[in-house]
Every structure is written in C-alpha cells, then in structure tokens.
Amino acid sequence: MKLILNKENNFNRKVSIIGSGFVGASIAYALMLKGIAREIILVDAKKTSSLGEVLDIKHGIPYMGSAKIISGDYSDTQNSDLIIITAGRNRRPNEDRLSLASDNIKIVQNVIENLTPFYTRGVIMIVTNPVDIITKKVIEWTKLPKGYVFGTGCLLDSSRFTAKLSDFLKINTEVITAHVIGEHGKTQIPLWSKVVISGMPIDEYCSLMNILFTNVEKEQIATEVREMGTKIISYKDKTHYGIATAVCYLADAILNGRSTIASVSSISDGEFGITDVAISIPSVVGANGVERIIVERIDEEEFTALRESADYLKEFLQRINGKEEGNGIY
Ligand code: NAD
C-alpha cells in the first residue's frame, strides 16, 4: 500500500468499516449517534448484511445523527481517513481468542488485497480477533508508515478495568485513569502501578477513604477483567457494544484532532525491550494513528509480565507462520 496525499483527498472525516456484523454495525451506529464521522461506508462479503444495517441505521437519522451512510464496495473506500476492519468470525463459547487465528488471518488477508487498489491514505484500525496477531500480519502485508496500522488491543480491557474500578471504589469512571497492557487475551496485565484516582495513586486513595484494598481485591478485579469477554460470550454469544464505543473514542481522536493516550496494539521497536510483535502499551493516538508508544517507569513485576506476554505472542506467531508454510505445529 502507498500513501498518496494530494488536494483531491483532503481530510473529510470519512470512515470505512469492513465487516458489518455485530461489531461493524454497532461501530457505525455509535459513530452516527455521536456525530464523529461525516461519511460512513459499510462493506461486507455478504452485501445484504451491510445493506440491511445501513437502511436500519439511516432510518434513525431524522431523530439523531447527520452523517452520510452507505453500503458500498471496496472502490467506495477510496480517500477514507479511517478504515476499521472487523471482518472475521467471532469466538465460540469456551474458544480461546488465539484459536481463531487461522480462519481470521485468511479473511483479513482477503480484505487487505481488496482494499489495496483503492487505498490512498488513512489510518487502519484492526478489531478482528486475535487482534494482536492480525495487526502484526496487516502491518507486514501493507508496509505502511509506522503507526498507520494498529489494533484496538487492550483498549476494551482498559475500559472494562476502569468500569470495574468505578464499581469497586463507588466513584465515577471520569476520575479514574487505568490501563491494561500486553496481549488482548489471557496474558494481559492490569497496570496497577499507574492507576490514579483524580491524580492520586490508588493505594493512597483507598487508604485515605478507608477502602480495604489488598492483593486479594486486586487479584479479584484483574481476574474479572481478564474473563469478562468469555463471560459475556457465554451469556450472549458475542460482544459488540463495549468495543463499539471504545472504537468511537479512538475514531474521535483520529478524525477530529483530539489526540489521546490509549493502550492499543502496535509494533514495539525496542520499547520495554520488546521487538517485532504487536502488543498493547499506552500510546499517543492521533491523526496518524499510533504516533508514539509511551515508555514509563513501571513495576518490575509488570515489566516481567509484559515481556512474557510478548514472548507468548511471538511464539504463537511462529507457530502460525509455520502452519502457513505447511510445517507448523498449530
Ligand atoms: P460477525 O460474525 O457478526 O460479523 C463478521 C462479519 O464479517 C460478517 O458480516 C461477515 O459476513 C463478514 N466477513 C467475513 N468475511 C469477510 C470478508 N472476506 N470480507 C468482508 N467481510 C467479511 O462477528 P462480530 O461479532 O461482528 O465480530 C467480528 C470480529 O470482531 C471477531 O473477530 C471478534 O472476535 C472481534 N471482536 C474484537 C473485539 C476486540 O476487543 N478487539 C471485541 C469484540 C469482537
């Protein structure tokens, strides 16, 4: 893929969503309600699926929203400022995210091949699971400038972590800053050393407010956050509202010049001693995607766990790559 920047493709808050299943359609709906995009294109291998979603969403516009929304082909994605990839199948109950890899790699490879002839510019955000693996693959296939392709990674986990802390502390999420780092999956790490409540470290806040907060409470919160996706899937077979609003938050940063800091998945170039793997670390996200990975002082234990999470993803990638060459063990 090549970046082509000229007068004709000026910044116009155009978003293309590839895959209009539960996640893609929920993202389109949330973007519409929040007025974040000016134009939304839905593309799906099953044309009637995107057409049906567009008609449904469009019929709410008289009451709320103003964006132009169409069901399109890949040619309609030209000059998008943001391309969001959600195509792929979902996890089955009790299925690990990583076991989805083979099927979804093939689907997303097909999506990238179809997108490439029409790509001019725009950040590519990967949502399809296993998001860290797919993100790494898309970065390899597209060869776009660093940061232009990234995955939502632990963005949703961070949001769940914040929501859990809000319930535990009985305080609004707005005053809580909390990130989950590492793999979007079982080896994720809640970044306890950096959790702040209105700027105050959480231990200090809890002791001031007489809230019992020991390793037992920490472990319970961490487990619930880690298992949340599995729990929701066991109840309703899918998760889509949470990720849709989290994606909207990033879309706003990218499309409307509201740069933010979020724990998203991009290639580490030696940050925390990690290379050659897409993994979530708090990063500055703005018009050019991931603009900078933030290297801050974290606890020794968190540092070790982050390295282990990266090793786990690397090893999995090796197995997947081996399988593609016909001699893998996965
Ligand atoms: P879904 O089955 O409802 O939708 C997937 C859509 O992709 C379908 O409409 C299908 O027709 C389409 N599709 C399949 N192959 C395609 C192709 N080659 N080109 C274009 N479209 C194609 O699934 P969903 O619930 O919307 O989930 C989508 C993905 O998002 C899954 O991989 C799921 O695991 C992932 N997800 C990620 C997060 C996260 O935090 N990263 C959260 C929730 C879901």
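Whatever order the structure lists them in is the order used to number ligands and atoms, beginning at 1. Owing to the predicted nature of the structure, the values given are computational and were not obtained by experimental measurement. Just the heavy atoms: all of them, side chains too, but no hydrogens, waters or symmetry mates, feed the values below.
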Between Thr152 and ligand 1, find which residue part has any heavy-atom pair under 4.0 Å and reply side chain, backbone, both or neither. side chain

Where is the tightest heavy-atom contact between Leu115 and Ile83, given as atom of each residue plus distance? CD1-CG2, 3.9 Å

Heavy-atom pairs closer than 4.0 Å: do any link ligand 1 to the side chain of Arg89, the backbone, both, or neither? backbone

Identify which of Val131, Ile243, Thr128, Asp44 has a heavy atom lying nearest to atom 6 (C) of ligand 1. Asp44

Going by distance only, is there an N or O of Ala45 that falls short of 3.5 Å from an N or O of ligand 1? yes

Check each atom of ligand 1 against the heavy atoms of Asn104 and keep those under 4.0 Å away; list them by number with element. 32 (O)

Sequence neighbours left out, what passes side-chain contact (heavy atoms from CB on, under 4.5 Å) with Ala251? Give chain and number order. Leu31, Ile36, Leu82, Leu255

Residue part near ligand 1, for Thr86, under 4.0 Å between non-hydrogen atoms: backbone

Under 4.0 Å between heavy atoms, the region of Leu155 that gets near ligand 1 turns out to be neither

Can you tell me how far apart OG1 (Thr223) and NZ (Lys218) are? Round to the nearest 0.5 Å. 13.5 Å

Salt bridge (charged side-chain N to carboxylate O under 4.0 Å, His left out) between Lys136 and Asp276: does it pass, once the steps are laid out? CA-CA 8 Å; Lys136 171 79 164 80; Asp276 221 23; 3.8 Å; yes

Ser263 versus His179, side-chain donor and acceptor atoms under 3.5 Å: no

Examine Asn129 against ligand 1 and note whether any of their N/O atoms are separated by less than 3.5 Å. yes

Taking 4.0 angstrom as the limit and counting only heavy atoms of Tyr74, give me the atoms of ligand 1 inside it, by number and element. 19 (N), 20 (C)

Among Thr135, Ile17, Asn90, closest by any non-hydrogen atom to atom 33 (C) of ligand 1: Asn90

Ligand 1 versus Tyr241: contacting region, heavy-atom distance under 4.0 Å: neither

Considering only heavy atoms from C-beta outward, does the side chain of Val43 approach that of Asp73 to under 4.5 Å? no

Under 4.0 Å, heavy-atom basis, I'd like to know which part of Val127 is in contact with ligand 1: side chain, backbone, both or neither. both

Ligand 1 to Val111, heavy atom cutoff 4.0 Å, flagged ligand atoms 19 (N)

For residues Asn79 and Thr120, is any side-chain donor paired with an opposing acceptor at under 3.5 Å? yes

Can a salt bridge be assigned to the pair Asp103 and Arg89 using a cut-off of 4.0 Å between side-chain N and carboxylate O? yes

Contact region, Val43 to ligand 1, non-hydrogen atoms below 4.0 Å, reads neither

Any nitrogen or oxygen of Thr239 lying under 3.5 Å from a nitrogen or oxygen in ligand 1? Just yes or no. no

Looking at residues at least two apart in the chain, or sitting in another chain, which of them share a ring pair (Phe, Tyr, Trp, His ring centres under 6.0 Å) with Phe161? Trp192

Residue portion contacting ligand 1 (non-hydrogen atoms closer than 4.0 Å) for Asn110: side chain

Could you check Asn321 against Lys137 for side chain to side chain donor-acceptor pair (under 3.5 Å), going step by step and ending with a plain yes or no? CA-CA 10 Å; Asn321 290 340; Lys137 288 282 177 189; 2.5 Å; yes

On a heavy-atom basis, which atom in Asn90 and which in Leu100 lie closest, and how many Å separate them? O-CD2, 3.4 Å

N/O separation below 3.5 Å, Gly24 to ligand 1: no

